[in-house]
Amino acid sequence: MGKTTAEKIFEAHLVDKPDGETSVLSIDTVFCHEITTPIAINDLVARGKDRVFDPSRIKAVIDHVTPAKDTLTAQQGKIVRDWARRQGIRDFFDVGRNGVCHALFPEQGFVRPGATIIMGDSHTCTHGAFGAFAAGVGTTDLEVGILKGVCAFKAPRTIRFNITGTLRPGVYAKDVILFVIGQIGVNGATNCVMEFAGPVIDAMSMESRMTLCNMAIEAGGTSGICAPDMTTVEYLWPFIKDEFASREAALAEYSRWKADEDAVYERVIEYDVSSLEPMATFGYKPDQVKPVRELAGTKVDQVYIGSCTNGRIEDLRIVAEVMRGKKIADSVRVVLSPATPTVYKMALAEGLVDVFMEAGVCLTNPTCGACLGMSNGVLAPGEVAASTTNRNFNGRMGKGGTVHLMSPATAAATALAGVIANSSLYTG
Amino acid sequence: MKTFGGRVLFLDRSDINTDEIIPAKYLTEVSKEALAPYLLEDLKLEGFEQKRDIANRGVVVTRANFGCGSSREHAPWALEVNGIHVVVAENFARIFRQNMYNCGMLAIELSPETISALFEKFAGRETGCSLSLTPPVLTFASGADTLEAPFRLEGFDRALVEAGGWVDYADKKY
Ligand code: SF4
């Protein structure tokens, strides 16, 4: 019987089966940030177990509220900073080198096909874009991961999504994933891995695949997964070129993580997305999705561009393409946070920052910031945001505020119009 | 292993989410103890008064899908630092349930019929709950009224509870 990608990864990492349905896996890499890690660190200290299983396999960043906005957030950062120094964690990213975890860590080459990754953050599913099993966990699971390099999961059931057809110009990975979540609902993939396949995925860049896998959790999914291919190898090549004689050799090695032809799935769902339009959310659940056309004209107060979903260079290029030579509407303010320092530098070098500033956009340092309503563009009660982030929960970007999720192209067009609008790149 | 049982807090609603259990604004706290005064602070429920009702309880009895929302473990911790080590419900959100067992606490699933019977018989009354783990049985009592409810506690869940949580279990075993 064939196996899915997740099943292969589970088998290769199995440490123990404490009961019929639970697998304790060895974890290749534990990612940490300053919101969920400090309590784990403090608890380990209190237990007299202030150790880490392997400092080279722990990566840490201060990203959610950075630079610190008050004493409490400064203290959270300090706990992670002191711990990283004390434990010899070399891959620690402090102010000036920090960026949004799920954009920064892949960019640093920390994610490999077939790997197991955990983090105390629900959007850890992003890293499945590389053919890894990556899952968000609670703080105790994180604590055990830090201490022992293991984590327990129930046997993975996988839903396969075959995405066929070709995307129209102006329609992106974000529109595809919003559409999928709208179809299956916020509980549609609970306890399941979402495996994305088909010609549309094959044609996607790694950035787009990350956008796709990032939102698996919004359908309840444990991890998103895309099979590794030459696109994956090309992205990773600067980091793996000493490990392999050629790209083909790397691809041959990574291909063993691909799902078998006769793998058994919980469900197989096929969507032909050839006629898909740009999509956006309404309401307070990410499965409340409509074509942008039906929401067109909705007034917004703020546009937010950034986050682990859509703050990468590919996203910023699209935004610049829509905004070039234009001004944002008087009635709206636009906050843009490049997801990492590298993205920021590229945006500067390519002249994108000029385009943004000419248009009237406020650029901030790389941070989660307004995505979770903690800093850098929090909404006032009653305000409406158009956002490239991943959660439209009630009050997510500020108590009493409303969020419409959409692609960077749609967000840019909305910034120019002051109301929700389809981008000029869309030719439907 | 933790101690289980005590006075019961009845919360007669489904889908109580992690924001209601512990509001997001307290996620900047860096100790579990600091969460204690804020348990259920934002829960709007008829007859429930947070300040009065969370003190000296050991068990929560509620309806379905308790702990939905974010993955924050601050929710079980806020219960733990208030001495509440047992939540009884029809079912739980996946991560909340795992977080409870990871902390060595009990997230006990009973049938909707049994949950309804508990509310009918005991809600609004001073009720105590004692537990046996072998065999797993909950005993509710108020005055002369009692109700016994067997529950499921097996495999990995039981091992975590007996070890006092996933940290101690994993540290010994791996
Ligand atoms: S950008 Fe938003 S969703 Fe992504 S890790 Fe940061 S807070 Fe979470």
Side-chain angles (χ1 to χ4, degrees), chain A residues 15-22 24 26 35-36 38-44 46-47 49 53 64-65 70-73 75-76 78-79 120-122 124 136-145 147-154 187 190-191 217 220 222 372-374 391 393-396 399, chain B residues 15 17-20 23-35 42 65 67-78 80-81 91-105 153-160 162-174:
Chain A
V15 171
D16 189 19
K17 271 194 114 39
D19 66 21
E21 38 180 16
T22 310
V24 176
S26 66
I35 298 289
T36 47
I39 292 194
I41 296 169
N42 285 352
D43 194 60
L44 286 170
R47 289 170 187 268
K49 292 176 181 163
F53 79 110
H64 274 58
V65 187
D70 56 17
T71 311
L72 282 172
T73 53
Q75 192 185 359
Q76 288 183 306
K78 180 171 162 49
I79 292 170
D121 190 285
S122 57
T124 308
V137 296
T139 290
T140 298
D141 276 335
L142 176 73
E143 186 174 333
V144 170
L147 185 65
K148 290 283 158 183
V150 298
C151 192
F153 290 97
K154 295 243 172 0
N187 290 320
T190 298
N191 291 323
I217 185 69
T222 307
L372 77 164
M374 282 185 86
R391 281 202 171 136
F393 293 173
N394 194 1
R396 168 79 178 180
K399 206 172 176 123
Chain B
D15 303 318
N17 67 44
T18 49
D19 269 284
E20 292 169 307
K25 61 180 179 236
Y26 302 118
L27 299 187
T28 51
E29 296 294 347
V30 291
S31 83
K32 297 181 187 181
E33 287 67 30
L35 303 172
D42 280 356
N65 198 27
C68 57
S70 88
S71 67
R72 75 186 63 144
E73 200 160 315
H74 303 70
W77 293 334
E80 181 182 5
V81 294
N91 49 46
F92 297 90
R94 183 185 68 89
I95 299 180
F96 177 85
R97 184 184 187 284
Q98 189 61 50
N99 286 343
M100 284 289 284
Y101 285 98
N102 279 349
C103 293
M105 303 201 284
L153 180 64
E154 290 160 17
F156 190 51
D157 289 344
R158 171 178 284 274
L160 290 179
E162 286 173 353
W166 177 220
V167 178
D168 286 323
Y169 177 99
D171 197 31
K172 269 192 214 92
K173 195 144 178 216
Y174 304 113

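So that the names make sense, note that chain A is the first sequence line, chain B the second, and so on, each numbered from 1.
For the pair A:V150/B:W166, a side-chain contact is recorded, criterion being any heavy-atom separation below 4.5 Å from C-beta on. Inter-residue side-chain proximity for B:W77 and A:T139 is flagged as met; some heavy-atom pair is nearer than 4.5 Å. Side-chain contact between A:L142 and B:E73: absent, with no pair of heavy atoms (C-beta onward) separated by less than 4.5 Å.
With a 4.5 Å cut-off on non-hydrogen atoms, A:V24 touches chain B through its side chain but not through its backbone. Only the side chain of B:Y169 comes within contact range of chain A, with at least one heavy atom under 4.5 Å from a heavy atom of that chain. Residue A:N187 does not touch chain B at all, counting heavy-atom pairs closer than 4.5 Å. At a 4.5 Å heavy-atom cutoff, the contact between A:A152 and chain B is made by backbone and side-chain atoms alike. Contact of A:K17 with chain B is not made at all, since no heavy-atom distance falls under 4.5 Å. For chain A, the nearby parts of B:A170 are the backbone and the side chain; heavy atoms of each come within less than 4.5 Å.
Ion pairing of B:R158 with A:D19 is absent here, as no side-chain N (NZ or NE/NH1/NH2) approaches a carboxylate O to less than 4.0 Å.
At distances below 3.5 Å, not a single donor-acceptor pair connects side-chain atoms of A:N42 with backbone N or O atoms of B:S31. Under a 3.5 Å cut-off, the side chain of A:Q76 and the backbone N or O of B:L27 do form a donor-acceptor pair.
Between chain A and the options B:Q98, B:H74, B:R72, B:K173, heavy-atom pairs under 4.5 Å are most frequent for B:K173. When the candidates A:E143, A:E21, A:R391 are compared by the number of heavy-atom contacts under 4.5 Å with chain B, A:E143 comes out ahead. Note on B:N99, B:V167, B:D19: by heavy-atom pairs under 4.5 Å with chain A, the leading option is B:V167.
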